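Since we're looking at a predicted model, the values are computed, not measured. Starting from 1, each residue takes its place in the sequence as its number.
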Amino acid sequence: MKDIQSVFSSIAPADSIVITMHQKPDPDAMGSSLGLFHFLKAAGFQSHVISPTNWADFLKWMPGIDVVLDYENMREKANQIVEQADWIFCLDFNNMSRTKSMEQILLNSKAKKVLIDHHREPQTAVFDYGISDISKSSTSEMIYDFIVSTDKSDLMNKESAQCIYAGVMADTGSFRFASTTASVHLMVAHLKGFQIDHAKIHTAVYENFHENRLRFIGHVLTYRMEILYEYNTALIAIPKSDTQKYHIKTGDTEGLVNYPLSIKGIEMAALLIDRDDERKWSFRSKESFDCNSFARKYFNGGGHNNASGGRSVESLEENIAQFKKVLKEFSSLQQ
Ligand code: 5GP
Ligand code: MN
């Protein structure tokens, strides 16, 4: 994987460019992708943005979202675009498996693949160019750095700034996490110069749900949350009957895993959701508990120290039992 420094100046005007992200994109994945899309457009390059799956309604305000292809819906067209691509920007994921059913077509493509990401242990062998920096707050911040490093940085515009702002805002927990460096604040000051309305972006992402979602949260916090005080851990396990009853859609469970961390003494929170084809895990911590290692070791996943995800094909009950077992093992290993 070579440095990305030469990437922008190597793109020819007629080159075909694809920007893609991880499945079920969050504001950082979509924000970094569209942030780059708008900059490339301003610089005279057309690009195609492809998401491996659908995305949450709270991303629908983003400028450019209407041109994003949902791979699961537009497979044939997207395959054609990927096959013809000269460049593929892979944003906000460290491993091709995070693109779900796009994995094979991306791996088979002859295009030059560029990784820009902030997750641990990137799959460097499959990317031609790349930057992986776990100290960065977000991939959106890295796209900002990329734009600023080019000789066309003056073409950065309001659309790009809005998307980047949303990504950084979400991945820093609204500028709260330790990753919110002075550089992040300086970047935000620059983004504000494009007359972006940050309060409106916050509302569009966080205050835009239906009533059923809040009632669902009340329900699962009351009936599905178990506190394991011995391990300073909380577990929320959600059966399919709950998501069906409350008509839960993509994005409605975003942020739910953070609630138990507000309990005094709780250092790790785990969320398990029964999805059709798999059981999806989310892990968050606020102290030294290493969510990345935990997800990687026991639940086919990974991510960051304080936020990671994983998956399993076993039943909900088996996952709960496995969680309790490995939590004990992991805790004794850490001591
Ligand atoms: P979430 O719980 O929001 O799905 O994911 C939390 C963090 O872990 C995100 O940064 C996400 O990209 C990462 N993550 C989630 N699932 C996986 C996974 O299966 N593998 C890896 N490597 N990272 C994941
Ligand atoms: Mn991210």
Side-chain angles (χ1 to χ4, degrees), residues 24 26-28 56 119-120 170-174 176-179 205-206 209 212-246 248-275 278-335:
K24 299 283 177 191
D26 56 7
D28 187 34
H119 295 92
R120 286 187 178 275
D171 263 29
T172 56
S174 298
R176 188 161 55 98
F177 300 155
S179 58
V205 173
Y206 295 118
F209 296 103
N212 66 312
R213 189 230 182 204
L214 202 58
R215 298 209 183 272
F216 166 78
I217 290 174
H219 172 80
V220 299
L221 291 182
T222 307
Y223 299 108
R224 308 299 182 204
M225 182 171 72
E226 190 177 349
I227 309 290
L228 307 160
Y229 281 108
E230 192 186 344
Y231 300 109
N232 301 315
T233 292
L235 166 66
I236 302 175
I238 303 177
K240 208 174 286 175
S241 53
D242 284 356
T243 48
Q244 280 167 345
K245 181 176 171 202
Y246 287 90
I248 291 307
K249 297 193 306 306
T250 299
D252 282 345
T253 54
E254 188 81 26
L256 178 55
V257 61
N258 293 306
Y259 282 80
L261 290 180
S262 67
I263 302 170
K264 194 172 175 178
I266 294 300
E267 291 170 9
M268 199 275 252
L271 173 69
L272 173 63
I273 303 178
D274 196 351
R275 285 204 186 140
E278 62 182 19
R279 262 46 63 206
K280 168 76 176 81
W281 280 102
S282 286
F283 306 104
R284 299 290 186 275
S285 67
K286 58 182 177 202
E287 300 292 334
S288 57
F289 189 99
D290 182 355
C291 293
N292 171 59
S293 302
F294 187 75
R296 200 170 279 274
K297 191 165 170 90
Y298 303 113
F299 294 105
N300 305 308
H304 316 275
N305 271 355
N306 295 124
S308 70
R311 60 211 65 252
S312 159
V313 290
E314 306 299 332
S315 70
L316 197 74
E317 292 69 27
E318 280 164 318
N319 268 279
I320 295 171
Q322 165 79 351
F323 176 78
K324 290 180 180 172
K325 187 173 143 229
V326 299
L327 186 62
K328 196 171 172 182
E329 178 188 303
F330 195 72
S331 304
S332 62
L333 288 175
Q334 299 231 303
Q335 273 154 20

Output the distance between atom CG (Leu235) and atom NZ (Lys324), rounded to the nearest 0.5 Å. 6.5 Å

For atom CD1 of Ile263, is the number of surrounding heavy atoms from other residues, nucleotides or ligands below 6.0 Å larger than 12? yes

Using 30° and 60° as the class boundaries, would you call the ring planes of Trp281 and Phe283 parallel, tilted or perpendicular? parallel

From Lys325 NZ over to Glu318 CD, what is the distance, rounded to the nearest 0.5 angstrom? 11.5 Å

Heavy-atom distance under 4.5 Å between the side chains of Arg279 and Asp274, does that happen here? yes

On the 0 to 90° scale, with breaks at 30° and 60°, tag the Phe323-Phe294 ring pair as parallel, tilted or perpendicular. perpendicular

Taking the side chain as C-beta and beyond, is there a heavy-atom pair between Tyr223 and Asp242 under 4.5 Å? no

After noting the C-alpha distance and the side-chain angles of Val326 and Phe299, does the key distance pass the side chain to side chain contact (heavy atoms under 4.5 Å, CB included) rule? CA-CA 10 Å; Val326 299; Phe299 294 105; 4.0 Å; yes

Can you check side chain to side chain contact (heavy atoms under 4.5 Å, CB included) on Asp171 and Asp26, steps first, answer last? CA-CA 9 Å; Asp171 263 29; Asp26 56 7; 4.1 Å; yes

Spatial distance of atom CD1 (Ile273) from atom CD1 (Ile238) [nearest 0.5 Å]: 4.5 Å

Out of curiosity, Arg224 CZ to Leu272 CG, how far, rounded to the nearest 0.5 Å? 12.0 Å

Once you measure the plane-to-plane angle for Phe289 and Phe330, does it fall in the parallel (<30°), tilted (30-60°) or perpendicular (>60°) bin? tilted

Between Leu327 and Met268, is any pair of side-chain heavy atoms under 4.5 Å apart? yes

Please give me the minimum heavy-atom distance between Thr172 and Ser179, naming the atom from each residue. CG2-OG, 4.1 Å

Just how far is it from atom CD1 of Ile248 to atom NZ of Lys245, taken to the nearest 0.5 Å? 11.5 Å

Can you name the nearest heavy-atom pair linking Tyr298 to Gln322, along with the distance? O-NE2, 4.3 Å

Heavy-atom neighbours of Lys240 NZ exceed 12 at 6.0 Å: yes

Within the side chain of Lys286, is there an N or O that forms a donor-acceptor pair under 3.5 Å with the backbone of Leu261? yes

Residue pair Ile236, Leu221: steps toward the side chain to side chain contact (heavy atoms under 4.5 Å, CB included) verdict: CA-CA 8 Å; Ile236 302 175; Leu221 291 182; 3.9 Å; yes

Could you give the side-chain donor-acceptor pairs of residues 305-313 under 3.5 Å, partners two or more places apart or in another chain?
residue : atom : partner : partner atom : Å
Asn305  : OD1  : Arg120  : NE           : 3.4
Asn306  : ND2  : Ser285  : O            : 3.3
Asn306  : ND2  : Ser285  : OG           : 2.8
Asn306  : ND2  : Glu287  : O            : 3.3
Ser308  : OG   : Cys291  : O            : 2.8
Arg311  : NH1  : Glu278  : OE2          : 2.9
Ser312  : OG   : Glu314  : N            : 3.0
Ser312  : OG   : Asn319  : OD1          : 3.4
Ser312  : OG   : Asn319  : ND2          : 3.2

Close side-chain approach of Lys249 to Arg213, heavy-atom, < 4.5 Å: no

Taking the side chain as every heavy atom from C-beta outward, state whether Leu256 and Phe216 have any atom pair closer than 4.5 Å. yes

Using modelled atom types only, decide if a donor and an acceptor are shared between the side chain of Asn232 and the backbone of Ile266 within a distance under 3.5 Å. no

State, to 0.1 Å, how close Tyr206 and Ala170 come at their nearest heavy-atom pair, and which atoms those are. OH-CA, 3.3 Å

What one should report as the nearest heavy-atom pair of Val257 and Ser282 is CG2-O, 3.8 Å

